[in-house]
Each structure stands twice: as structure tokens, then as C-alpha cells.
Amino acid sequence: LDNCLFCNIVARKIPAKIVYEDENTIAFNDINPQAPTHFLVIPKKHISGLNDLNDENLINMMHLSKTANQLTKQEEIAESGYRWVINSGKDGGQTVFHLHLHLLGGRNLNWPPG
């Protein structure tokens, strides 16, 4: 989609500091990091959000999970701890309507988060 920020990052029309990429997913640094490690992991296929997951595209969540797990090991935060966050909808804090997982770590992550 031409007006989707993350689709434009996937298409390399908008620059991002990419930390991982495979045929299904791409991960890059968040432009407003909330922790020393703060990546966004997105499917290359446009899915607007959690409410748009279905039998045909649910495999994308598996790919996001696999990528996020790989990144926790790469960043050496797997043992110390990390957080995955997926915001859903306006009231859930979603500002870019392309499914994405925030991977945060590298510091003590307090609860409640926000």
C-alpha cells in the first residue's frame, strides 16, 4: 500500500535501520526507542492489525514470533528478559496500521507499562 509507512520501508522507499530480514519478515530500530533494545518486527505482507488475522495469514504471527526470538538471542537479552508488545486499534495505542511487534529489552521494564 502506497500510504502505509511500513509497506514503504519494506519497499525501501523510506529508510530504516534494518536489523533482520528474511522472506517473510523485516525488523528495524524504532525511531522513538523506549529501551536500549527497541525493534519493530513486521510482516512484509500488509496486514492492518490483530483484528485482520485470519486462517490465511495467521502464519505471519508465527514468523513474527520466530524473528523476535532470534533477535532476543542476537541482542543477548533472552536471559535477562524482554517484552513483546502488539498494540491494537487507536485506543490500544496503534499508530501505524500495519501489524507490528515491538521488541523491548536491555533494561528493567516496569509494570504497568503505560
Side-chain angles (χ1 to χ4, degrees):
L1 297 173
D2 286 340
N3 62 344
C4 174
L5 173 67
F6 291 167
C7 285
N8 282 317
I9 288 173
V10 170
R12 304 299 200 273
K13 294 178 182 176
I14 296 175
K17 179 142 195 267
I18 296 169
V19 296
Y20 177 85
E21 182 174 12
D22 65 24
E23 63 192 38
N24 300 299
T25 61
I26 191 167
F28 49 92
N29 286 330
D30 191 293
I31 62 168
N32 184 24
Q34 301 300 305
T37 298
H38 188 171
F39 301 140
L40 299 179
V41 184
I42 70 168
K44 287 185 172 180
K45 173 186 170 121
H46 182 85
I47 301 168
S48 293
L50 290 172
N51 291 339
D52 292 316
L53 290 171
N54 57 44
D55 290 341
E56 287 79 43
N57 64 23
L58 190 58
I59 194 164
N60 287 282
M61 280 302 300
M62 183 187 75
H63 292 300
L64 293 183
S65 300
K66 180 180 174 188
T67 298
N69 273 342
Q70 287 176 273
L71 289 169
T72 63
K73 293 173 182 78
Q74 174 185 307
E75 296 298 306
E76 299 179 349
I77 60 171
E79 297 302 317
S80 61
Y82 55 91
R83 182 173 293 156
W84 292 0
V85 177
I86 301 176
N87 299 321
S88 182
K90 182 178 151 249
D91 285 350
Q94 186 176 7
T95 57
V96 177
F97 289 86
H98 182 122
L99 180 64
H100 57 286
L101 179 154
H102 293 260
L103 171 61
L104 300 112
R107 68 167 174 85
N108 184 4
L109 300 168
N110 298 320
W111 194 262

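Along the sequence shown, residues carry numbers from 1. Because the structure is predicted, anything quoted here is derived from the model rather than measured.
Put simply, Ile86 and Val96 are part of two different groups of oily side chains (I, L, V, M, F, W, Y) that touch within less than 4.5 Å, one to the next. Ile47 and Leu58 end up in the same hydrophobic cluster when Ile, Leu, Val, Met, Phe, Trp and Tyr side chains are linked at under 4.5 Å. Cluster annotation: Ile26 is connected to Ile14 through the hydrophobic network of ILVMFWY side chains, with a link wherever side-chain heavy atoms come within less than 4.5 Å. No chain of hydrophobic side-chain contacts below 4.5 Å, direct or via other Ile, Leu, Val, Met, Phe, Trp or Tyr residues, connects Val85 to Leu64. Cluster membership check: Leu40 does not share its hydrophobic cluster with Trp84, using side-chain heavy-atom separations under 4.5 Å among Ile, Leu, Val, Met, Phe, Trp and Tyr.
Taking each heavy atom of His98 and Pro43 in turn, the nearest pair found is NE2-O, 2.8 Å. Across every non-hydrogen atom of Ile77 and Gly105, the tightest pair is CD1-CA, 3.9 Å. The nearest pair of heavy atoms linking Ile9 to Ala16 is CG2-CB, 3.7 Å. Nearest approach of Pro33 to His38, heavy atoms of both residues: CA-ND1, 3.4 Å. Of all heavy-atom pairs between His46 and Cys7, the closest is ND1-SG, 3.4 Å. Across all non-hydrogen atoms, the minimal contact from Pro36 to Arg107 is CD-CG, 3.7 Å.
Checking side-chain atoms of Thr72 against main-chain N and O of Asn69 turns up a donor-acceptor pair under 3.5 Å. Looking at Glu75, its side chain never comes within 3.5 Å of a backbone N or O of Gly106 through a donor-acceptor pair.
One distance of note links OG1 of Thr37 with CG of Leu71; it measures 9.5 Å at 0.5 Å rounding. Note that CG of Leu5 and CD1 of Ile31 are 7.5 Å apart. Values are rounded to the nearest 0.5 Å. Here His102 contributes atom NE2 and Asp30 contributes atom CG; the two are 6.0 Å apart, rounded to the nearest 0.5 Å. Thr67 OG1 to Ile42 CD1: the interatomic distance, rounded to the nearest 0.5 Å, is 11.0 Å.
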Check against side-chain contact (heavy atoms from CB on, under 4.5 Å), Glu21 and Lys44:
CA-CA 9 Å; Glu21 182 174 12; Lys44 287 185 172 180; 2.8 Å; yes
Passes side-chain contact (heavy atoms from CB on, under 4.5 Å), Met61 versus Leu99? Steps please.
CA-CA 9 Å; Met61 280 302 300; Leu99 180 64; 3.8 Å; yes
Gln34 vs Leu104, side-chain contact (heavy atoms from CB on, under 4.5 Å): CA-CA, chis, key distance, verdict
CA-CA 7 Å; Gln34 301 300 305; Leu104 300 112; 3.8 Å; yes
Does the side-chain contact (heavy atoms from CB on, under 4.5 Å) test come out yes or no for Asp22 and Tyr20, once each step is laid out?
CA-CA 7 Å; Asp22 65 24; Tyr20 177 85; 2.9 Å; yes
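The shortest side-chain heavy-atom distance between Met62 and Asn60 does not fall under the 4.5 Å cut-off. Inter-residue side-chain proximity for Phe97 and Asn3 is flagged as unmet; no heavy-atom pair is nearer than 4.5 Å.
Within a 6.0 Å radius of CD in Gln74, other residues, nucleotides and ligands contribute more than 12 heavy atoms.
Ring geometry for His100 against Phe6 counts as perpendicular: the plane angle is over 60°, on a 0 to 90° scale with 30° as the lower cut.
Taking the six-membered ring where the residue is Trp, the centroids of Tyr82 and Phe39 are separated by 6.0 Å or more.
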